[in-house]
Amino acid sequence: MRYDRNEILRSFLLSSALDKECALTNDELSDVDFSRDSKDILIESLKTLLIAHSSGDGEQACFKKVNVKIEEMSKSV
């Protein structure tokens, strides 16, 4: 089953819990999409997870892709 990743991303970005954990301002969060890198590790991990899940990847593949994204972004900090 395929999912609309943009719709799911918008739902997550409206979460008040995300505001507390994310380094982005509300204005920056409203500009988040899949075409631009936000430079925020939480947001980019979420986007990676949504892309993998909406593509139909299995649970292990999804988490592996998220872990790779976290490792990549952690090295650049």
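When reading the values below, keep in mind they use all heavy atoms of this one structure, side chains included, and skip hydrogens, waters and symmetry mates.
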In Å and rounded to the nearest 0.5 Å, what is the [atom1] to [atom2] distance from [X] to [Y]?
X     : Y     : atom1 : atom2 : result
Thr48 : Met73 : OG1   : CE    : 8.5 Å
Ser74 : Lys69 : OG    : NZ    : 11.0 Å
Ile70 : Phe63 : CD1   : CZ    : 10.0 Å
Leu49 : Arg5  : CG    : CZ    : 12.5 Å

Glu44/Lys47 ion pair, N-O < 4.0 Å: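 Yes, this pair counts.
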
Donor on one side chain, acceptor on other, Ser38 and Asp40, under 3.5 Å: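 Asp40 and Ser38 do not have a side-chain donor-acceptor pair below 3.5 Å.
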
Do [X] and [Y] touch side chain to side chain, with heavy atoms closer than 4.5 Å?
X     : Y     : result
Asp57 : Lys65 : yes
Leu18 : Leu42 : yes
Leu13 : Ile43 : yes
Leu46 : Leu9  : yes
Ile41 : Ser45 : yes
Asp31 : Arg36 : yes
Ser54 : Ile8  : no

Any donor-acceptor pair under 3.5 Å from Ser11 side chain to Glu7 backbone: yes

Single-linkage hydrophobic cluster, 4.5 Å side-chain cutoff, Leu24 and Phe34 together: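 As far as the 4.5 Å side-chain criterion goes, Phe34 and Leu24 are connected within one cluster.
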
